[in-house]
There are 2 protein chains.
Amino acid sequence: MKRPTIADIARRAGVSKGAVSYALNGQPGVSEATRKRILAIAQEIGFNANSAARALSGARARAVGLTLCRPARILGIEPWFMGLISGFEAELGAHSYALTLQVVATPEQEIEVYRRWWGERRIDGVIVTDIREDDVRIPVLQQLQLPAVVIGGPGDTGSIAQIWSDDAGAITEAVRYLVALGHHKIARVSGVPDLLHTQVRTKAFNEVCASLGLDNVITLPADYTGEEGSRATRRLLIGGDRPTAIIYDNDVMAVAGLAVAQEMGLSVPGDLSIVAWDDSPLCSLVHPPLTALSRDISAYGAQAARELLNAIDGKKVGNVEAGRVHLTPRGSTAPPR
Amino acid sequence: MKRPTIADIARRAGVSKGAVSYALNGQPGVSEATRKRILAIAQEIGFNANSAARALSGARARAVGLTLCRPARILGIEPWFMGLISGFEAELGAHSYALTLQVVATPEQEIEVYRRWWGERRIDGVIVTDIREDDVRIPVLQQLQLPAVVIGGPGDTGSIAQIWSDDAGAITEAVRYLVALGHHKIARVSGVPDLLHTQVRTKAFNEVCASLGLDNVITLPADYTGEEGSRATRRLLIGGDRPTAIIYDNDVMAVAGLAVAQEMGLSVPGDLSIVAWDDSPLCSLVHPPLTALSRDISAYGAQAARELLNAIDGKKVGNVEAGRVHLTPRGSTAPPR
DNA sequence: CGGCGCAACTTACCCGGTTCAGTGACTTAC
DNA sequence: GTAAGTCACTGAACCGGGTAAGTTGCGCCG
């Protein structure tokens with residue numbers, strides 16, 4: 001079954017290929033009557049422009065790329081990426097851009113994928129996540145002149161657009177809330193320490209704790225996995241001077257922490273209050289439901305996609321703050337006994 | 001920065017475009033010395049073949065499509081899809097195929113996406129999930145002659161390849177295990193009843209229960225979300241004659257069920273045993289960790305991708321059983337008190 | 001030594017859109 | 001009445017790689 005081309009339409013309409021192209025793209029150069037006739041024929045025979053041909057003649061690939069640089073084990077339960085992806089799609093779909101996905105193991109492999117995609121003109125731009133300090137991907141993207149949007153910051157990304165949320169403000173709010181409840185010994189289980197937003201959070205956490213006169217403040221580094229979350233929680237809870245509240249850098253570790261507390265016979269929130277970063281259905285799923293720092297990840301993703309499309313169009317894009325974070329109190333926080 | 005083309009290579013090597021094409025594709029028609037020289041130049045200037053040009057000249061788009069037809073809320077925490085995706089990628093990456101993703105709301109929208117992708121020659125094939133009885137997508141795929149692999153079955157997919165796992169055997173094993181522990185009142189919270197694999201499981205569940213002489217057997221339909229899982233669990237547990245064990249059709253509902261039991265003051269596994277379908281880190285994350293029906297979803301996805309690539313190559317593909325399911329006992333199951 | 005066969009290329013056209021430089025026909029302007 | 005301008009469209013080049021058909025040059029054989 002041969003799929004129709006503009007030549008087929010041209011033949012049936014009795015005009016040239018060029019006229020059909022103008023008609024379909026809303027360009028001037030054809031009369032309104034002819035345009036209608038051509039559009040009707042296109043509709044009738046179910047015409048879709050061959051994306052390859054379109055991409056070849058100087059135009060766009062009309063696709064953007066996203067790499068996921070985490071082991072499949074984590075990707076599965078982290079709601080974050082899926083939320084982000086559905087946000088992208090809402091925006092990309094509206095502009096009939098496709099999203100091309102690739103799971104990679106290392107930043108080096110990720111760079112290779114960018115090179116290949118860009119070299120093959122498979123994509124018009126990429127969305128970069130999990131940004132680190134002095135990220136090796138940034139100079140490569142600049143050198144390739146590959147349109148990109150970095151999610152997470154703010155950091156030094158040169159000419160590349162970035163979009164970030166006020167993590168410092170959020171963690172400050174969480175600590176203030178716990179202190180207002182009466183907590184003095186607050187600990188934190190962080191994500192991967194290399195990541196820029198982890199550093200932002202750690203800095204803000206230390207600052208707000210200092211300003212509120214809290215001592216005994218500790219941040220244990222982890223890696224977003226349940227295993228590490230459990231391990232860190234156990235370390236925090238077996239000490240003699242154990243914290244009465246723990247803030248986790250993601251929901252998965254918070255749920256794991258909750259399980260450890262229950263396993264050790266501690267009551268949540270009676271003996272231990274828990275705050276999760278990034279609200280997700282997971283937080284409401286467990287008992288007690290977890291107090292969380294919520295933000296609309298889909299909207300955040302949509303905003304990122306919008307910025308990327310602007311960057312692809314050669315528009316000036318900068319440093320955008322988006323995705324307001326707010327505290328959603330649930331059953332996992334209470335005054336300490 | 002102009003990206004290099006085969007014409008650039010040809011100029012530098014002092015040969016024609018055609019020779020370069022032969023050399024790069026391992027075709028006969030160039031001497032070994034020339035081939036090496038051309039490959040070296042390609043390497044040096046970082047050449048990647050323009051995928052659009054390649055796709056245009058009769059070849060393949062070297063991409064396959066996957067649509068996700070679930071609300072973002074669910075997609076986020078269901079490890080299933082991410083596991084599947086990383087499985088696809090392992091296989092697709094090895095053949096340098098890209099994966100194009102689209103989130104859709106309805107099967108009708110999904111069909112539209114297939115039509116567009118195929119019309120645009122953006123993809124060479126699709127992977128279809130969540131198959132229903134008399135699925136509306138099947139006849140469309142056949143009419144379009146779009147290579148496809150259906151995940152979940154076995155069902156009536158005509159000429160389209162399908163890949164499925166032995167769900168009936170798995171649920172039989174789970175029920176036998178619970179009966180061996182001493183349970184007589186076993187309930188089940190199922191996924192969306194329209195889905196083919198839900199029906200397979202329900203049928204097998206009823207059969208094994210009947211054969212073991214269990215009465216009081218009930219399957220409550222739900223939709224894989226935590227909310228529905230909680231609701232169904234509550235309905236099961238408030239009755240006078242409440243079950244001592246519940247089997248859930250996915251991990252998310254099982255975790256939600258666990259939370260409901262804890263909230264109602266029931267001990268798991270003392271008062272209630274819980275079995276989750278589809279093991280994932282989520283099952284080991286909670287307390288107690290959930291006994292689960294495990295299978296290697298990534299491998300399952302990889303197998304599906306392999307079948308799809310075969311279908312794209314015009315090879316005969318059929319009805320493949322893969323992804324052996326086995327029971328992984330953990331802390332959520334025990335003899336009833 | 002002519003002719004054959006073959007390796008190692010080159011030439012030229014194809015894929016299906018986009019785009020730009022024409023080309024008539026028709027209108028408007030002086 | 002004719003030059004200028006506009007409109008609606010045509011024809012052809014182009015994007016970059018794939019490939020069938022044609023062209024060398026060379027070795028080998030009778």
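Here is how names work: the chains are called A, B, and so on, in the same order as the sequence lines, proteins then strands, and each is numbered from 1.
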Grab the [atom1]-[atom2] distance between [X] and [N] for me, whole Å please.
X       : N       : atom1 : atom2 : value
F47(B)  : dG16(D) : CZ    : C1'   : 8 Å
L24(B)  : dG16(D) : CG    : P     : 15 Å
R122(A) : dC15(D) : CZ    : P     : 22 Å
I9(B)   : dG17(D) : CD1   : P     : 8 Å
I6(A)   : dC9(D)  : CD1   : P     : 15 Å
R54(A)  : dG16(D) : CZ    : P     : 18 Å

*Output the distance between atom CD (Q162(A)) and atom CD1 (I138(A)), rounded to the nearest 0.5 Å.*
8.0 Å
*To the nearest 0.5 Å, tell me how far D124(B) CG sits from I312(B) CD1.*
5.0 Å
*Does some side-chain heavy atom of L99(A) sit less than 4.5 Å from a side-chain heavy atom of V64(A)?*
yes
*Around atom CG of D134(B), are there more than 12 heavy atoms of other residues, nucleotides or ligands at under 6.0 Å?*
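Count not over threshold, so no.
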N or O in side chain of [X] less than 4.0 angstrom from [N] OP1/OP2:
X      : N       : value
S21(B) : dG18(D) : yes
Q27(B) : dG18(D) : no
N50(B) : dC15(D) : no

*asked:* Just to verify, which of R295(B), H197(B), Q303(B) counts as forming a side chain to side chain donor-acceptor pair (under 3.5 Å) with S165(B)?
replied: R295(B)
*Between which nucleotides of DNA chain C, read 5' to 3', does contact with chain A run, using atoms under 4.0 Å from its heavy atoms?*
dG16(C) to dC20(C)
*Closest-nucleotide 5' rank along DNA chain C - winner of V20(A) and T34(B)*: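 So the residue in question is T34(B).
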*Quickly, which of L141(B), I123(B), V140(B), V104(B) forms a side-chain contact (heavy atoms from CB on, under 4.5 Å) with Y114(B)? Name it, please.*
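The side-chain contact (heavy atoms from CB on, under 4.5 Å) with Y114(B) is passed solely by L141(B) among L141(B), I123(B), V140(B), V104(B).
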*Any chance you could lay out the salt bridge (charged side-chain N to carboxylate O under 4.0 Å, His left out) test for R62(A) and E120(B), step after step, and finish with the verdict?*
CA-CA 11 Å; R62(A) 295 195 85 79; E120(B) 291 177 345; over 6 Å; no
*Ion pair present between D313(B) and R60(B), side-chain N to carboxylate O less than 4.0 angstrom?*
yes
*asked:* Would you say W164(A) and N319(A) are linked by a side-chain donor-acceptor pair, where the criterion is simply a distance under 3.5 Å?
replied: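 Indeed, the side chains of N319(A) and W164(A) share at least one donor-acceptor pair under 3.5 Å.
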Give every pair of a protein N or O atom and an N or O atom of nucleotides 10-14 of chain D that lie under 3.5 Å apart, one pair per line with the distance.
unit_1  : atom_1 : unit_2 : atom_2 : d
dT10(D) : OP1    : S16(A) : N      : 3.4
dT10(D) : OP2    : S16(A) : N      : 2.7
dT10(D) : OP2    : S16(A) : OG     : 2.8

